[in-house]
Amino acid sequence: MSALDTGAAARPTDRRGGGGLVPVFVRLKLTLLRNGLRQSSGRRAAYVLSVVLSLLFAAGQLIGLVALRGHAHAGSLVVLLTGVLALGWAVMPLFFPSGDETLDPSRLVMLPLRPRPLISALLVASLIGIGPLFTLCLVAGSALAVAHGAAAVVCAVVAAPLALLVCVALARAVATANTRLLSSRKGRDLAVLSGLVVAVGIQVVNFGAQRLGRAGGLAALDPAADVVRWLPPASAIGAVDSAAHGSYGQAAAQLLLSAAALGALLWLWRRSLVKLMTMPDGSTLAAAEPARKKSGAGGSRLAALLPEGRTGPVMQRSLRYVARDPKTKAAWVTALVIGLIVPLFNAVQGSGSVYFSCFAAGMLGIQMYNQFGQDTSAFWMVAMTISSTRDAYLELRGRALALLTVTLPYTAFVTVVTAAVLGDWEKLPGAMGLAFALLGAMLATGAVASARFPYSVPQGGGFKNVAPGQAGLASLSIFGGMVSGAVLCAPLIVATVWLYVTGAQDRLWVLLPAGAGYGALIAWAGLRLAAPLAAKRLPEILTAVSKG
């Protein structure tokens with residue numbers, strides 16, 4: 001269905017009040033979804049698999065929530081679950097702006113559509129998909145878990161769809177208000193950082209679950225639930241719990257809160273929609289000349305601090321990739337955060353060790369892999385400057401030094417922070433020396449893997465980091481290199497274990513200079529080994545990284 005057909009169908013709808021626009025948008029959503037699945041069998045398989053897995057997980061959650069019926073603190077759990085669900089709906093548009101292109105209001109700017117019927121049609125069309133179905137299963141299960149008595153059942157019939165509508169309206173209002181931001185460069189940077197949020201969220205949930213287990217079960221949720229049950233849309237599920245306990249006035253107030261929140265979200269959505277479709281976009285008007293001057297001054301200051309010759313420009317280019325390329329930036333920020341939160345969260349829980357700081361070195365060392373693929377199709381300009389093994393060595397050394405400018409102090413910082421939280425300063429030198437050795441080993445194996453197993457990083461798609469057909473090559477490069485890096489650290493690991501077995505912990509400080517020196521030696525040897533390989537395989541590397 002074309003946009004003109006949609007607009008033609010919408011003209012009489014506007015005069016009648018918008019009732020006929022809803023089926024048009026529903027058919028449009030289904031048609032675009034069907035046409036998208038027709039593009040390839042791989043896309044159909046992925047979609048069917050995601051639907052099956054989502055439904056299985058939703059069914060499991062639904063059964064688990066229903067099994068909570070009769071539990072004294074089931075109300076606290078389902079209220080908090082609904083609050084977390086709403087939070088997910090609120091933030092997902094910021095990190096997945098292209099997740100539902102069929103509902104992008106900027107595509108409808110040129111059509112003669114009025115805001116009120118358009119919002120009704122978009123809201124109904126938004127209910128079609130895996131996400132709304134999954135949410136409906138969770139809110140229905142939450143309502144059933146606390147619905148005891150006829151009044152609570154009647155309240156649940158209203159509360160479950162109301163909670164779903166609030167979640168969907170919240171997502172659409174946030175997405176519409178930030179449409180222009182999400183289509184800009186800053187928005188794309190924000191989108192690819194979703195992995196960071198997911199990683200932090202997983203660690204927070206894991207930490208909370210362990211604390212909950214030690215606190216004695218669901219009773220620990222009551223204080224937080226007492227607050228969240230008055231926040232829409234969790235207040236709708238809280239109304240069911242209140243009605244089950246005979247607090248009918250409180251249940252009515254909580255339902256009214258969710259209904260009022262739905263009305264407010266629809267009003268904000270309409271206001272943002274009118275602004276988006278009627279006002280000119282001035283987001284691209286910027287003081288370009290001062291920005292360029294500022295960038296040039298910053299670049300010259302950075303160049304003054306870097307080594308002379310080829311090494312300095314290579315380091316500067318690599319660091320600019322980290323600062324400007326969305327995918328490179330996302331990989332770096334995710335590695336930095338996960339490298340900190342894993343040892344830190346384990347230390348806070350009392351189950352960690354100072355040696356967990358080696359995880360930070362491993363996460364950052366992965367950034368050395370596929371160095372040439374990170375340049376994408378622009379690598380041909382770099383390839384033109386490599387005519388000998390010496391050129392390849394300088395190129396790889398510059399990239400490794402750029403990585404070390406961040407990873408070396410960061411690894412030391414994570415090790416010190418972990419030791420401080422645990423109060424275990426005796427193991428600090430040994431852990432830091434082992435981390436430095438691991439970092440050097442990752443640099444060595446990463447340089448060799450970059451020359452031996454290069455693969456393309458696609459330009460399009462915020463979450464596609466491997467070109468089709470190269471997933472096996474990427475896995476072999478990364479996981480094979482990680483195993484090799486761990487093997488290369490065997491001498492330091494053996495020395496550490498020997499000091500503990502012999503009771504010579506007071507000599508652990510020897511591992512700090514030994515690990516730093518060993519890591520530097522291994523990194524130098526890896527660069528020397530990778531340089532002739534890269535120079536020899538330059539045409540193959542150029543072909544491999546240009547496939548995306």
Side-chain angles (χ1 to χ4, degrees), residues 58-91 123 127 131-174 205 208-209 211-213 215-268:
Q61 295 296 311
L62 179 61
I63 295 173
L65 289 171
V66 173
L68 284 175
R69 286 180 61 85
H71 194 284
H73 303 284
S76 299
L77 176 63
V78 297
V79 163
L80 290 177
L81 176 63
T82 307
V84 172
L85 198 62
L87 181 62
W89 275 93
V91 301
L123 182 61
L127 297 175
L133 180 59
F134 180 80
T135 302
L136 180 61
C137 291
L138 289 187
V139 296
S142 299
L144 289 174
V146 293
H148 302 286
V153 171
V154 173
C155 186
V157 172
V158 178
L162 180 59
L164 174 62
L165 289 174
V166 172
C167 289
V168 174
L170 176 61
R172 302 319 311 173
V174 171
V205 171
R211 292 292 297 271
L212 182 63
L218 297 180
L221 300 177
D222 290 344
D226 291 339
V227 177
V228 177
R229 69 176 60 250
W230 290 99
L231 301 177
S235 60
I237 304 300
V240 181
D241 189 35
S242 299
H245 289 85
S247 302
Y248 302 119
Q250 180 175 322
Q254 289 171 320
L255 276 180
L256 287 175
L257 274 177
S258 291
L262 178 60
L265 288 171
L266 293 176
W267 179 81
L268 290 173

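None of the values given here were measured: they were computed from a predicted structure.
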Distance check, rounded to the nearest 0.5 Å: L164 atom CG versus F134 atom CZ? 12.5 Å
On a heavy-atom basis, which atom in W230 and which in A253 lie closest, and how many Å separate them? CZ3-CB, 4.2 Å
Quick check for you: to the nearest 0.5 Å, what is the distance between L87 atom CG and T82 atom OG1? 12.5 Å
Smallest heavy-atom separation, P233 atom then A86 atom, equals CD-CB, 3.4 Å
Please assess L127 against L165 for the test side chain to side chain contact (heavy atoms under 4.5 Å, CB included), listing each intermediate value before the final yes or no. CA-CA 8 Å; L127 297 175; L165 289 174; 4.1 Å; yes
Got a donor-acceptor contact below 3.5 angstrom from the R69 side chain to the A147 backbone? yes
Rounded distance (nearest 0.5 Å) linking atom CG of L162 with atom CG of L257: 10.5 Å
What's the separation between atom CG in L85 and atom OG in S142, rounded to the nearest 0.5 Å? 8.0 Å
Closest non-hydrogen atom pair, A243 against A251: N-CB, 3.8 Å
Specify the closest pair of heavy atoms between P232 and A261, including all atoms of both residues, with the distance to one decimal. CB-CB, 3.5 Å
Measure the CG-CG distance between L62 and L144 for me, rounded to the nearest 0.5 Å. 7.0 Å
Exercise: identify the closest heavy-atom pair between T135 and C167: CG2-SG, 4.5 Å
Would you give the length of the straight line joining atom CG of L81 to atom CD of Q61, rounded to the nearest 0.5 angstrom? 7.5 Å
If you apply the rule side chain to side chain contact (heavy atoms under 4.5 Å, CB included), what do you find for D241 with V78, and how did you get there? CA-CA 9 Å; D241 189 35; V78 297; over 6 Å; no
After noting the C-alpha distance and the side-chain angles of L266 and L123, does the key distance pass the side chain to side chain contact (heavy atoms under 4.5 Å, CB included) rule? CA-CA 9 Å; L266 293 176; L123 182 61; 4.2 Å; yes
Audit row: S235, L255, side chain to side chain contact (heavy atoms under 4.5 Å, CB included) steps and yes/no: CA-CA 7 Å; S235 60; L255 276 180; over 6 Å; no
Please report the closest heavy-atom contact between A163 and V139, naming both atoms and the distance. CB-CG1, 4.1 Å
Apply side-chain hydrogen bond (donor to acceptor under 3.5 Å, both in side chains) to the pair S242 and Q250, showing each step before the final yes or no. CA-CA 6 Å; S242 299; Q250 180 175 322; 3.1 Å; yes
